[in-house]
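What follows is a single structure, and I will ask about it in a moment.
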Amino acid sequence: MSRLQVVSGKGGTGKTTVAAALALALATEGKRTLLVEVEGRQGIAQLFETEALPYEERKIAVAPGGGEVYALAIDPELALLDYLQMFYKLGSAGRALKKLGAIDFATTIAPGLRDVLLTGKACEAVRRKDRNGRFVYDYVVMDAPPTGRITRFLNVNGEVAGLAKVGPIHNQAQAVMRVLKSPETSVHLVTLLEEMPVQETVDGIAELRGARLPVGRIAVNMVRPEVLDADALELVRSTPRTALARSLSGAGLGGARRGGHAERLVDPLLEQAEEYAARYTLEQEQRAVLGELGLPLHELPMLAEGVDLAGLYELATELRKQGIA
């Protein structure tokens with residue numbers, strides 16, 4: 001299992017939820033996981049029902065078996081101050097630059113630098129060791145930008161190529177790319193069984209592969225339970241209305257005479273069956289498209305009560321069952 005798990009997906013597919021559940025799943029049995037947010041939305045804090053995350057690593061959950069989940073919301077501005085201190089020892093001068101707005105200026109004229117700082121912070125956590133030479137975190141999970149931006153975001157080496165050919169920035173980008181393009185990293189994509197998210201997943205995987213970034217798995221989120229299978233749907237289509245009315249009457253749902261309660265139920269039930277059949281067919285088609293990508297495919301259920309902290313633990317357990325962690 002790769003130590004850096006990057007999670008992306010089209011907006012609205014629940015990529016932050018899947019990233020959080022993955023972090024919990026990986027932290028079971030005494031492991032320690034760092035969950036990293038790079039978009040400044042504080043989505044992780046909301047999911048774990050805690051206060052807004054500061055720019056520091058903070059424990060936010062305990063996983064089954066005593067494992068721990070830490071979280072970090074990376075602030076590009078503060079990450080740049082860290083970078084300046086690390087390579088140039090600016091100290092108070094760095095804080096002065098912040099007041100002057102120089103940091104906003106730097107990340108605006110050189111957008112690639114922002115991505116180097118964000119990915120670099122996560123990669124540093126992957127490589128960090130304690131005094132005994134052991135990794136501080138067993139896994140780092142990154143809640144990354146959406147699918148449409150993920151390849152450019154991760155391909156930081158290309159982004160800074162025009163910025164610096166040599167020097168600390170160049171060396172930092174090279175170090176980051178060594179991690180991102182190694183077996184230490186896996187990029188997972190989250191989708192729904194709908195045409196647009198699936199197509200964006202297909203396109204995203206093609207871009208990632210084109211950039212030689214390590215594609216991991218596909219997580220299909222919010223999968224609704226199967227009410228009728230293909231055989232049952234065919235039976236509904238082929239059964240005459242009168243036979244359906246008699247069946248309803250036999251089940252105690254009203255008389256079978258013309259205009260009776262059972263007969264009045266037939267049309268609404270058939271309409272629901274047709275709607276379900278259309279959705280079932282579409283979902284099967286999208287499963288087939290995803291299956292052609294040749295990647296491990298995992299399905300996570302739609303939670304009837306919505307996603308709260310208990311729901312996250314439920315999804316984490318499902319991921320464990322399916323072998324993703």
Rounding to 0.5 Å, atoms CZ (Phe135) and CZ (Arg3) come to a distance of 4.0 Å
Please tell me if the side chains of Val190 and Thr13 come closer than 4.5 Å, counting only heavy atoms from C-beta onward.
yes
Approximate separation, where rounding is to 0.5 Å, of Leu53 CG and Ile74 CD1
11.5 Å
Distance, nearest 0.5 Å, that separates OH of Tyr55 from CG of Asp75
7.5 Å
Carefully, step by step, assess His188 and Ile218 under the rule side-chain contact (heavy atoms from CB on, under 4.5 Å).
CA-CA 6 Å; His188 311 299; Ile218 299 172; over 6 Å; no
According to a 4.5 Å side-chain heavy-atom criterion applied to Ile, Leu, Val, Met, Phe, Trp and Tyr, with indirect links allowed, do Met177 and Val179 form part of one hydrophobic cluster?
yes
Tell me, do Val307 and Leu47 make a side-chain contact under 4.5 Å, heavy atoms counted?
yes
Please name all residues satisfying ring pair (Phe, Tyr, Trp, His ring centres under 6.0 Å) with Tyr70, sequence neighbours left out, ordered by chain then number.
Tyr137
Minimum heavy-atom separation for Ala23 to Val141, with atom names?
CA-CG2, 4.0 Å
Heavy atoms only: give me the nearest Ala211-Asn155 pair and the separation to one decimal.
CB-ND2, 4.3 Å
Using a strict threshold of under 4.0 Å (side-chain N to carboxylate O), is an ion pair present between Glu283 and Arg279?
yes
Step-by-step side-chain hydrogen bond (donor to acceptor under 3.5 Å, both in side chains) determination, Ser186 to Arg217:
CA-CA 8 Å; Ser186 287; Arg217 301 163 184 256; over 6 Å; no
Is the number of heavy atoms from other residues, nucleotides or ligands within 6.0 Å of CE (Met302) greater than 12?
yes
Are Val187 and Val116 linked, directly or through intermediate hydrophobic residues, by side-chain heavy-atom contacts shorter than 4.5 Å (ILVMFWY only)?
yes
Residue pair Ser8 / Pro145: nearest heavy atoms and the distance that separates them:
OG-O, 2.7 Å
If you define the side chain from C-beta out and look only at heavy atoms, does anything of Leu34 sit under 4.5 Å from Glu57?
yes
Apply the test side-chain hydrogen bond (donor to acceptor under 3.5 Å, both in side chains) to residues Gln322 and Glu318: give CA-CA distance (whole Å), side-chain angles for both, the deciding distance (0.1 Å), then the verdict.
CA-CA 6 Å; Gln322 295 188 29; Glu318 185 63 31; 2.8 Å; yes
Got a donor-acceptor contact below 3.5 angstrom from the Thr147 side chain to the Glu200 backbone?
no
Any donor-acceptor pair under 3.5 Å linking the side chain of Gln5 with the backbone of Val140?
no
To check you understand the geometry: which heavy-atom pair defines the closest contact between Leu26 and Met1, and what is its length?
CD2-CG, 4.3 Å
Group every Ile, Leu, Val, Met, Phe, Trp and Tyr by side-chain heavy-atom contacts under 4.5 Å, then state whether Phe48 and Leu303 land in the same group.
yes
Just by modelled atom types, is the Ala63 backbone N or O under 3.5 Å from a matching donor or acceptor in the Glu68 side chain?
no
Tyr139 vs Leu4 side-chain heavy atoms within contact, under 4.5 Å:
no
Carefully, step by step, assess Asp138 and Thr33 under the rule side-chain contact (heavy atoms from CB on, under 4.5 Å).
CA-CA 6 Å; Asp138 297 288; Thr33 301; 5.7 Å; no
Quick one: does Asp130's side chain have a donor or acceptor within less than 3.5 Å of a partner on Asn132's backbone?
yes
Would you mind checking if Arg58 and Glu56 are paired as a salt bridge, meaning a charged N to carboxylate O distance below 4.0 Å?
yes
Does Glu39 have any side chain to side chain donor-acceptor pair (under 3.5 Å) partners at least two apart in sequence or in another chain, and if so, which?
Lys15, Arg149
Could you go through the side-chain contact (heavy atoms from CB on, under 4.5 Å) check for Leu213 and Ile150 one step at a time?
CA-CA 10 Å; Leu213 289 161; Ile150 187 62; over 6 Å; no
Could you measure the distance from the CG atom of Leu154 to the CE atom of Met142? Nearest 0.5 Å is fine.
6.5 Å
Between Thr201, Asp203, Val202, which is the residue that forms a side-chain contact (heavy atoms from CB on, under 4.5 Å) with Ile205?
Thr201
Would a single hydrophobic cluster contain both Ile324 and Val6, if residues Ile, Leu, Val, Met, Phe, Trp and Tyr are joined by side-chain heavy-atom contacts under 4.5 Å?
no
Within-4.5 Å side-chain heavy-atom neighbours: Lys10 and Pro197:
yes
Which value, rounded to the nearest 0.5 Å, describes the distance between Lys59 atom NZ and Thr50 atom OG1?
12.5 Å
Could you check whether any side-chain heavy atom of Leu319 comes within less than 4.5 Å of a side-chain heavy atom of Leu22, counting everything from C-beta outward?
yes
Which heavy atom of Leu72 sits nearest to which heavy atom of Pro54, and what is that distance?
CD1-O, 4.4 Å
Point-to-point distance, once rounded to the nearest 0.5 Å, from NE2 of His298 to NZ of Lys321:
15.0 Å
For a 4.5 angstrom cut-off between non-hydrogen side-chain atoms, does Val223 reach Leu300?
no
For the pair Arg320 and Glu29, evaluate salt bridge (charged side-chain N to carboxylate O under 4.0 Å, His left out) and give the outcome as yes or no after the intermediate values.
CA-CA 11 Å; Arg320 295 281 298 178; Glu29 300 177 4; 3.1 Å; yes
A quick test of your reading: do over 12 heavy atoms of other residues, nucleotides or ligands sit less than 6.0 Å from CD of Glu195?
no
Residues, nucleotides or ligands: over 12 heavy atoms within 6.0 Å of Lys31 NZ:
no
ILVMFWY cluster, Leu295 and Val7 together (side-chain gap under 4.5 Å):
no
For Ala19, is there any backbone N or O sitting under 3.5 Å from a side-chain donor or acceptor partner on Asp143?
no
Are Ile44 and Val36 side-chain neighbours, meaning at least one heavy-atom pair lies under 4.5 Å?
no
Asp115 bridged to Arg152 by N-O distance under 4.0 Å
no
Nearest heavy-atom contact between Arg209 and Leu293 is NH2-O, 3.0 Å
